[in-house]
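Here's the structure, in structure tokens; my notes come after.
Lettering follows sequence order; numbering is per chain, from 1. Bear in mind the structure is a predicted one, so any value in this text is a computation, not a measurement.
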2 protein chains.
Amino acid sequence: MKGYLWAPSAATQVKEPGNWESMAVDAVGNVIEFWGFKRNQGRVWAFLYLRDEALSAAELERDLDLSKGGVSMLIRDLERWGVVLRVRMQGDSSWRYRAETDLLQMARRVIEEREFAFISRIRTDLVEARKLAEQDPSATKAKIDRIRRMELLAEATEKALAVFLKTSRFDVGAMFELFRT
Amino acid sequence: MKGYLWAPSAATQVKEPGNWESMAVDAVGNVIEFWGFKRNQGRVWAFLYLRDEALSAAELERDLDLSKGGVSMLIRDLERWGVVLRVRMQGDSSWRYRAETDLLQMARRVIEEREFAFISRIRTDLVEARKLAEQDPSATKAKIDRIRRMELLAEATEKALAVFLKTSRFDVGAMFELFRT
DNA sequence: CATGCAGTTCAAAACGGCTTGAACTATATG
DNA sequence: CATATAGTTCAAGCCGTTTTGAACTGCATG
């Protein structure tokens with residue numbers, strides 16, 4: 001299955017027992033994948049966040065086992081979303097990267113944009129289908145009612161999504177603020 | 001992106017203007033894909049639901065442009081979830097299929113099982129990582145705090161998911177009941 | 001019990017998203 | 001300005017998921 005909302009697929013957890021850092025990093029990768037982002041975006045952020053210092057692309061490449069190009073693109077996304085900051089160290093020709101809290105706020109923002117657009121598009125389609133049906137003499141009243149019920153399905157999905165985002169705002173947002181370093 | 005929760009990817013909407021039935025069917029396919037199921041599972045259900053009669057596998061195959069094997073597997077899933085019923089018509093050697101309301105209830109049930117397991121697994125991993133860190137003398141207090149904050153992220157995600165499912169229950173569940181034919 | 005049709009299974013193909021890595025650009029340094 | 005190193009781009013490859021279709025099973029019928 002693929003899943004706009006949530007898709008299964010095995011949680012390929014590389015164990016490496018005893019290495020709590022990579023455990024935590026991978027766990028965040030999984031959460032962020034659940035939220036609809038790339039696993040490695042979460043891993044990069046988590047790694048920077050946990051280390052709490054500005055690291056070079058080379059370090060990310062080595063410690064997270066990513067390719068050069070991959071790091072570049074992942075960083076670009078995270079920067080664009082404002083969860084990672086690029087800093088120039090004095091006396092150093094290369095950039096270093098640092099995690100900004102908080103990740104969840106970003107996730108919410110991005111999802112708000114793209115998922116609501118997606119769902120509301122579906123609703124529009126259903127409304128249009130119903131309107132066409134209403135003008136079609138061969139469409140029975142019962143059929144039109146059924147389309148209307150399908151609209152409710154989309155509406156409720158949208159609403160549930162909104163509540164989901166709001167909950168996460170209060171719940172984690174607040175906690176994150178509280179804990180902010 | 002792949003996305004446990006929601007993944008983007010273009011909404012390939014086959015237009016076929018004027019055909020409101022396939023418009024509605026595809027729209028439901030998109031909603032259900034958003035909920036993490038296969039697009040075609042949603043399309044089959046929607047088609048049966050809209051037609052409101054028991055249809056043969058051959059009809060599904062033809063009208064939804066699916067393969068023989070595909071129909072068989074899709075029906076099997078939908079039957080297992082209890083949203084499609086298999087009925088034997090008298091004087092007919094083949095099966096016919098009929099939609100049971102409601103789809104959303106099924107979605108919730110399935111998600112409840114698989115997603116909560118997934119998220120709580122992540123939480124467990126983070127807790128374990130923290131415990132290991134706490135025993136590691138080289139791990140600073142600040143690092144451990146950061147892992148704890150990551151746990152909050154997972155906890156809040158779980159909570160938001162719970163609220164999401166509850167909302168969809170009240171909201172659509174109730175509406176569906178109301179409208180049930 | 002032979003025939004034909006409905007339905008199932010599953011290996012292979014198609015598909016789509018993610019990552020890689022080589023070529024390229026930009027920037028700092030001597 | 002030449003060289004080296006850092007960073008970017010993107011076509012190709014990889015990998016997991018979904019779909020296909022041919023072989024197979026089961027069942028009803030003459």
Self-check item: Distance, rounded to the nearest Å, where Ile75(B) contributes CD1 and dT8(C) contributes C1'
Solution: 13 Å
Practice problem: Work out which heavy atom in Asp102(B) is nearest to a heavy atom in Val83(B); give both atom names and the distance. | Solution: O-CG1, 3.8 Å
Quiz item: Could you give the CZ-to-C1' distance, from Arg39(B) to dA14(C), as a whole number of Å?
Solution: 16 Å
Quiz item: Heavy-atom distance under 4.5 Å between the side chains of Phe118(B) and Asn30(A), does that happen here?
Solution: yes
Can you tabulate the close N/O pairs, meaning under 3.5 Å, that link protein atoms to atoms of nucleotides 24-30 of chain C?
none

Self-check item: SB check Glu112(B) Arg169(B) (cutoff 4.0 Å)
Solution: yes
Self-check item: Atom pair distance, as rounded to whole Å: CG in Leu74(B) and C1' in dT8(C)
Solution: 13 Å
Exercise. Measure the distance from CD on Glu33(A) to P on dC15(D) and round it to the nearest whole Å.
Key: 16 Å
Quiz prompt | Remaining members of hydrophobic cluster (4.5 Å side-chain criterion), Val163(B) | solution = Val163(A)
Self-check item: Lys NZ or Arg CZ of Arg114(B) over Phe37(B) ring: under 6.0 Å, within 45°
Solution: yes
Quiz item: Hey, does Ala58(B) reach any base, or is it just sugar-phosphate, or nothing, if we go heavy atoms under 4.0 Å?
Solution: nothing
Quiz item: How many Å lie between CZ on Arg43(B) and C1' on dT19(D), as a whole number?
Solution: 12 Å
Practice problem: Kindly indicate, with the supporting measurements, whether the criterion side chain to side chain donor-acceptor pair (under 3.5 Å) is fulfilled by Thr157(B) and Trp35(A). | Solution: CA-CA 9 Å; Thr157(B) 300; Trp35(A) 278 81; 3.0 Å; yes
Quiz item: Salt-bridged, Glu33(B) to Lys38(B), with N to O below 4.0 Å?
Solution: no
Practice problem: For DNA chain D, find the residues of residues 59-70 of chain A with a heavy-atom distance under 4.0 Å and give them by number; none if there aren't any. | Solution: Lys68(A), Gly69(A)
Quiz item: How close or far is atom P of dG21(D) from atom CE of Met73(B), stated in whole angstroms?
Solution: 12 Å
Quiz item: How would you label the contact of Arg86(B) with the nucleic acid (heavy atoms, under 4.0 Å): base, sugar-phosphate, or nothing?
Solution: sugar-phosphate
Quiz item: For dA6(D), does either OP1 or OP2 sit under 4.0 Å from a side-chain N or O belonging to Arg96(A)?
Solution: no
Quiz item: Does Glu155(B) come within less than 4.0 Å of Arg149(B), counting only side-chain N to carboxylate O?
Solution: no
Practice problem: Going by the side-chain contact (heavy atoms from CB on, under 4.5 Å) test, name the single residue among Arg98(A), Arg76(A), Arg96(A), Glu79(A) that passes it with Arg86(A). | Solution: Glu79(A)
Quiz prompt | Closest to the Asn40(B) side chain, choosing from dG7(D), dT19(D), dT19(C) | solution = dT19(D)
Self-check item: Rounded distance (Å) that lies between atom C1' of dA6(C) and atom OH of Tyr97(B)
Solution: 8 Å
Practice problem: When you get a sec, tell me which of dC10(D), dT20(D), dG7(D) is the closest nucleotide to the side chain of Ala57(A)? | Solution: dG7(D)
Practice problem: Round to the nearest Å and state the distance from Lys38(A) atom NZ to dT20(C) atom C1'. | Solution: 12 Å
Practice problem: Give Ser94(B) one of three labels, base, sugar-phosphate or nothing, depending on what nucleic acid heavy atoms sit under 4.0 Å from its own. | Solution: sugar-phosphate
